[in-house]
Every structure is written in structure tokens, then in C-alpha cells.
Amino acid sequence: MLDIKLIREKPDFVKAELAKRGVDPADIDGVLAADAVRRKLQANLDEMRADRKRRSKEIGTLPPDQRAAAIAQIRQEEAEESRASRVLANAVEAAAAINSSNPITLAATQLALAEREVERRALVLPNIPRSYVVVGQSEADNRVIRTEGTPLEFTAFQLLPHWELGEQLGIIDFDRGVKLSGTRFYVLMGLGARLERALIAWMLDIKTSEQGYLEVIPPLMVNTETATSTGHLPKNADTMYHDAEDDFWFIPTAEVPLTGLYRDEVLDESKLPVYLTAYTPCFRREKMSAGRDVRGIKRGHQFDKVEMVKLVKPETSDDEFNKMVEDAAQVCRRLKIPFRVVELCTADLSFASAVTYDLEMWAPGCGEWLEVSSISNCTDFQARRAHIRFRGAKAGKPELVHTLNGSGLALPRTVIAILENYQNEDGSVTIPEVLRPYMGGLERIAKT
RNA sequence: GGAGAGGUGGCCGAGUGGUCGAAGGCACCAGAUUGCUAAUCUGGCGUACUGGGUAACCGGUACCGAGGGUUCGAAUCCCUCCCUCUCCGCCA
């Protein structure tokens with residue numbers, strides 16, 4: 001969420017910044033108008049309460065035998081005010097929402113409705129991009145920053161896509177995945193499953209032993225507050241699986257529980273930065289992408305991912321962001337698979353992000369660059385929703401942290417890249433050296 | 001799922017209808033002092049919204065798990081819900 005004070009004080013700035021991401025300036029005006037109403041109701045209510053407080057205090061100081069008369073007089077006054085304040089506050093909605101004729105209760109309900117309206121409008125505004133992010137109209141305007149390794153294109157033999165390799169090797173079973181669950185589900189079998197497990201263990205070892213992340217196994221289902229704090233709700237509700245009975249949301253990424261871990265907390269400055277990593281399955285409805293990437297394991301309703309999350313001090317978030325990009329790149333590099341770093345333009349940023357770099361591995365079999373990681377600096381956008389703050393050593397007000405997240409990496413696409421880059425003419429696949437210790441020393445996956 | 005206990009400030013913990021934003025302690029900050037890697041003393045120290053001021057700051061309101069109710073007045077009484085703990089049941 002954006003700072004409502006920023007919207008109020010610099011509406012033109014906010015409009016210009018969000019216009020870069022395609023937000024209608026009228027949406028900002030809508031927030032402003034709702035906020036103005038809210039403030040007016042707040043002032044009115046404060047006055048009513050101050051009045052009541054003053055009178056009640058007076059009664060408290062009165063000798064008992066004089067109280068009855070004072071109370072009677074207040075009742076009289078309130079009976080008259082009740083009618084007046086109803087008209088004044090135009091509390092039609094409030095009166096309908098609750099069953100009360102108490103003017104203060106009505107005014108408070110009216111204020112609560114106004115607050116909800118401000119929130120409803122503010123919660124759907126995306127983050128303001130970092131000033132240096134390229135303004136673009138679509139993903140076509142994303143910029144490739146650099147490429148590492150040489151993409152394999154021509155070989156002596158016909159390069160196969162992973163869905164053919166996987167099926168031939170008996171390590172990916174598409175038909176049975178569909179039988180078990182439906183379209184966009186598949187089953188990893190034998191060395192396919194083993195390869196995925198090896199990747200998870202290897203990546204987590206790098207994160208925890210070399211890059212300083214704390215390993216976490218979080219819940220895979222979270223409540224509405226948690227999903228709202230990362231920005232996934234309310235706007236992207238239709239892309240998540242939801243259990244209506246108990247109101248659980250299946251996480252679309254471990255970013256949600258990891259970022260939410262310290263929700264509603266004030267951290268000691270000395271604890272920052274916090275580095276977290278987790279391997280989790282991720283669940284996505286993929287409604288938006290129906291018809292896209294239907295072949296293979298590139299885009300399923302469930303996939304595994306190793307995620308990185310950082311909570312940092314604001315002044316360090318740009319550096320921490322660069323470090324996180326490097327942390328993810330390191331994994332690609334060690335697998336010896338060609339990859340490129342792409343800076344997303346304003347049109348392609350995710351809702352909560354102020355700047356995002358994608359890492360894409362080359363997949364020679366299907367002939368495309370696969371997004372295996374997306375690293376974002378969400379600045380204080382999520383922290384404000386989640387109320388994650390820190391207190392400095394020199395006693396000051398708690399300040400919002402900056403949150404960052406990135407994949408380290410997404411597993412199925414990494415598997416695709418391995419299968420397609422390491423395939424041999426006989427249909428076997430060589431196992432990347434770094435993974436062999438995690439696969440019992442095995443060097444090749446071959447047909448059995 | 002059943003029974004009981006409980007949820008108070010960054011943390012611990014008093015407070016059962018009025019002057020309580022809330023004792024006390026810890027932590028933290030500032031100052032004082034001490035022949036010494038710390039103790040002691042003094043003072044300060046919640047958050048949100050909001051009005052005023054360039055500002056340090058001053059004022060108003062709210063917040064004692066959440067939401068309702070009773071009352072002139074609620075941390076305190078009543079109702080509903082959530083969560084934690086203990087015991088029982090069930091179970092990987």
C-alpha cells in the first residue's frame with residue numbers, strides 16, 4: 001500500500017508515477033476524495049467524543065446525590081442531539097448497518113465505513129516504481145542487461161524439447177498427472193523426482209551455508225490477512241486457490257508466508273537484515289494464462305520453488321537487491337546453463353514491486369528463454385500493509401522495513417533447462433556436476 | 001471435538017465501573033557520577049488518526065485479542081468470535 005499522506009501531499013507525483021504502470025489518475029482522485037470524507041467524519045466524531053468524555057468526568061467528581069440530576073440532563077440533551085447529528089453526518093448507511101440510535105455509535109460506524117472505502121480504493125493501487133526503471137508499454141519493452149554463457153542452438157543432432165525427453169526417459173508422466181488431477185498436472189517419476197529433490201537440497205545448501213539465509217518450512221496455506229499483506233489480495237484473488245470452508249489461501253509463492261513471518265512486529269535494528277529461504281510447493285490457478293504454455297512442465301498449477309526473502313533497512317535495499325540478483329545468478333552459473341538478466345519495464349512489474357529483474361535460462365529444446373527467477377524490491381509497500389517495522393538504537397519511531405523477494409530458483413523450469421541443455425544424441429541426459437553428489441554420484445539419466 | 005484457564009505497552013506484569021494511556025520491573029535513550037570494560041542516581045521513553053507550528057513541540061480522539069451490547073461513563077460488567085495454555089478424545 002502507498003502512504004496515504006504521500007498521496008494527499010503529492011497527488012500529481014503519485015499520478016505520474018502510477019501512470020507509468022497504466023493506472024488511471026482518476027483512481028488516485030478517488031482515494032483522495034474518500035480520504036477527505038474520512039477526515040471530516042473523524043473530526044466530527046472526535047468532537048462528539050470529547051464532549052461526552054468531559055461530561056462524564058464531571059459526573060464522576062459530583063457527590064452521589066447530585067448525579068441523578070446531571071444524568072437526567074445529559075439524557076435530555078442527547079435526545080435532541082441525536083436527531084441533529086443524524087442529519088449532520090448523513091448517517092443513512094450507518095443506521096442501516098447497525099441497530100442503534102446512539103449518535104456516537106452511528107458516527108463511529110459511519111467513520112468505519114468511510115475508512116473501509118479509503119482502504120478499498122488504496123489497496124488496489126500498485127507500488128511506485130524506482131525512478132530508474134524503464135517506462136514501457138508491455139513486456140516487449142523489457143531490457144536484457146546481460147547474458148552469461150553461450151546459448152546452444154545448433155548441434156550435430158536434433159535437440160528435443162523436455163516433454164519428449166522426459167517421456168522417453170520415463171521421468172515425467174503427463175498422462176497420469178492429468179488422470180490424477182487434470183490439465184496442467186504431471187508426475188515426476190524415478191530419476192525425475194530424484195533430480196528435483198537434488199536441486200532442492202543443493203539450492204538450499206547454497207542459500208544457507210554460503211549466502212546467509214535462514215531455512216524455513218512455512219505453512220502452505222495462509223489466512224486472508226497474510227495474503228493481503230504481500231499484495232496478493234485483494235487484487236489477485238482469482239489467481240489463488242482458496243478453501244472457502246476455513247478461509248485458507250494456498251500460497252502462490254513462499255514469498256507470502258516468508259514476508260508475512262514478522263507481520264505486526266517491531267524488529268530490533270540489530271536483527272536486520274533478515275535473510276529467509278524456503279523450499280515450498282506453489283499453487284496457482286493460472287486462469288490468466290489459459291491456453292499459454294500448455295505443453296510440458298513450464299506452467300503447472302503446482303510447482304516447487306526455492307524462495308529467498310529479505311527484510312532490510314530502507315537505505316540498504318538497493319544494494320540488497322543487487323546481492324539477491326547475484327545470489328540467484330550464482331545458481332544458474334554453477335549449473336553451467338546459459339542465462340540472461342532482464343530488467344522489467346514499468347508495465348511488466350508485479351503489483352507490489354518497485355523494481356524487478358528476471359533471470360531467464362536458455363532452453364534449446366523448446367527454443368525459448370525460461371523465467372527461472374524473478375527478483376523484486378518491494379520497498380515499503382508490503383511492509384506498510386504487513387506492519388513490519390524496526391526500531392533504531394537511537395530511540396526513534398519505528399520505521400517500515402523494505403522487503404525483497406526472489407526465486408532461487410523455480411524448480412520445473414530449471415529441470416527443463418537441465419534436460420534440454422544436457423541432452424545427448426542417444427536421448428540420455430548428463431547430470432550437471434554440481435548435482436552428482438546429491439544423486440548418489442550418478443552421471444547420466446538414461447533410458448531403462 | 002469436549003472441559004477448564006487465560007489474552008494488558010518492545011518484553012514481563014499490576015489493575016473488577018469514574019481523575020487509567022494505564023502502577024511496577026526489564027530493555028532502550030539522555031545526563032550525572034564512579035580509578036575503571038560495569039554499577040548507581042536523575043530524567044525521558046507506546047502506536048494510529050487528526051488540528052496548530054518552518055521546527056524541536058503543543059492540543060484532540062482512539063487503542064488493554066477482535067466485534068457488538070449495557071451505562072452519563074468500560075481495561076474492568078454482558079454477548080459473539082479468534083487465539084494461546086492445561087486435561088480428555090481423535091489422529092500422521
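Keep in mind that the numbers below use all heavy atoms, side chains included, and drop hydrogens, waters and symmetry copies. Residue numbers start from 1 in every chain, and the chains themselves are labelled A, B, ... in the order their sequence lines are given, proteins ahead of strands.
- The side chain of A/Arg39 has B/rG51 as its nearest neighbour among B/rG51, B/rG73, B/rU61.
- If you measure from atom CZ of A/Phe390 to atom P of B/rG46, you get 19 Å, rounded to the nearest angstrom.
- Rounded to an integer number of Å, the gap from A/Arg263 CZ to B/rC83 C1' is 13 Å.
- In this structure, A/Lys57 atom NZ and B/rG21 atom C1' are separated by 11 Å, rounded to whole Å.
- Residue A/Ile74 places its side chain closer to B/rC72 than to any other of B/rG60, B/rC72, B/rG18.
- Using a 4.5 Å cut-off on side-chain heavy atoms (C-beta onward), A/Trp202 and A/Leu335 make contact.
- Across all strands shown, B/rC79 is found opposite B/rG67 as a Watson-Crick or G-U wobble partner, with both distances under 3.5 Å.
- Nearest heavy-atom pair, A/Arg384 versus A/Asp3, reported as atom, atom and distance to 0.1 Å: NH1-N, 3.3 Å.
- With B/rC72, B/rA62, B/rC49 as the candidates, the nucleotide lying closest to the side chain of A/Arg49 is B/rA62.
- A/Lys271 places its NZ atom 17 Å from the P atom of B/rA27, with the value rounded to the nearest Å.
- Between A/Thr379 and A/Ala354, the closest heavy-atom pair is CG2-CB, 3.7 Å.
- When Watson-Crick and G-U wobble pairs are counted only if both distances are under 3.5 Å, B/rC26 pairs with B/rG10.
- Of all nucleotides listed (B/rC49, B/rA62, B/rC72), B/rC72 comes nearest to the side chain of A/Ile71.
- Put simply, CD on A/Glu115 is 10 Å from P on B/rU50, counting in whole angstrom units.
- The nearest whole Å value for the distance from the NZ atom in A/Lys5 to the C1' atom in B/rU47 is 12 Å.
- When heavy atoms are screened at a 4.0 angstrom cut-off, A/Ala50 is found touching the sugar-phosphate backbone but no base atom.
- Of all nucleotides present, none satisfies the Watson-Crick or G-U wobble test against B/rA39 with each distance under 3.5 Å.
- Base orientation of B/rU19: anti, since the glycosidic angle falls outside 90° of 0.
- Of the P atoms belonging to B/rG6 and B/rG59, the separation is 39 Å, rounded to the nearest Å.
- When the P atom is compared between B/rG65 and B/rC12, the two are found 13 Å apart, to the nearest whole Å.
- As rounded to whole Å, 8 Å separates atom P of B/rA62 from atom CG of A/Leu45.
- To the nearest whole angstrom, the two C1' atoms, one in B/rC63 and one in B/rG67, are 14 Å apart.
- Within the structure, every side-chain polar atom (N or O) of A/Lys53 is placed at least 4.0 Å from both OP1 and OP2 of B/rG60.
- Taking 4.0 Å as the cut-off between side-chain N and carboxylate O, A/Arg120 and A/Glu117 count as a salt-bridged pair.
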With the criterion being N/O to N/O and under 3.5 Å, what pairs connect the protein with nucleotides 7-13 of chain B, and how long is each?
none

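- A/Arg384 comes within 4.0 angstrom of nothing in the nucleic acid, heavy atoms only.
- Salt bridge absent: A/Glu265 and A/Lys271 never bring a charged side-chain N and a carboxylate O closer than 4.0 Å.
- Spacing of C1' atoms, B/rG13 relative to B/rG17, comes out at 23 Å, to the nearest Å.
- Distances from the side chain of A/Arg38 to the nucleotides B/rU47, B/rC49, B/rG60 place B/rC49 closest.
- Separating the P atom of B/rA23 from that of B/rC45 is a span of 12 Å, rounded to the nearest Å.
- One P atom belongs to B/rU8, the other to B/rU84, and the distance between them is 14 Å to the nearest Å.
- Straight-line distance between the C1' atoms of B/rG60 and B/rG53: roughly 16 Å, to the nearest whole Å.
- Atom CG of A/Leu113 is separated from atom C1' of B/rG67 by 14 Å (rounded to the nearest Å).
- Of the charged side-chain nitrogens involved, none lies within less than 4.0 Å of a carboxylate oxygen, so that A/Asp327 and A/Lys323 do not count as a salt-bridged pair.
- Pairing for B/rA48 is with B/rU61, a Watson-Crick or G-U wobble pair whose two hydrogen-bonding atom distances lie under 3.5 Å.
- Pairing of B/rU54, defined by two Watson-Crick or G-U wobble distances under 3.5 Å, is not identified with any nucleotide.
- In a base pair of the Watson-Crick type (N1 to N3 plus N6-O4 or O6-N4) or a G-U wobble (N1-O2 and O6-N3), with each distance short of 3.5 Å, B/rC90 is matched with no nucleotide.
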- [ ] Evaluate the side-chain hydrogen bond (donor to acceptor under 3.5 Å, both in side chains) criterion for residues A/Thr208 and A/Glu215: first the C-alpha distance (whole Å), next the side-chain angles of each, then the deciding distance (0.1 Å), finally the verdict.
- [x] CA-CA 7 Å; A/Thr208 56; A/Glu215 185 172 351; 4.8 Å; no
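- Taking atom P in both B/rA14 and B/rC87, the straight-line distance is 22 Å, to the nearest Å.
- Relative orientation of the A/Phe250 and A/Phe283 rings is perpendicular, given thresholds of 30° and 60° on the angle between their planes.
- Comparing B/rG73, B/rG18, B/rU61 against the side chain of A/Arg67 picks out B/rG18 as the nearest.
- Between A/His301 and A/Phe185, the ring planes are tilted. Angles from 30° to 60° get that label.
- Where A/Ile59 and A/Arg54 meet RNA chain B, the nucleotide closest to each residue was compared, and A/Arg54 sits on the side nearer the 5' end.
- Contact of the A/Tyr132 side chain with the A/Val355 side chain is registered, since non-hydrogen atoms from C-beta on lie closer than 4.5 Å.
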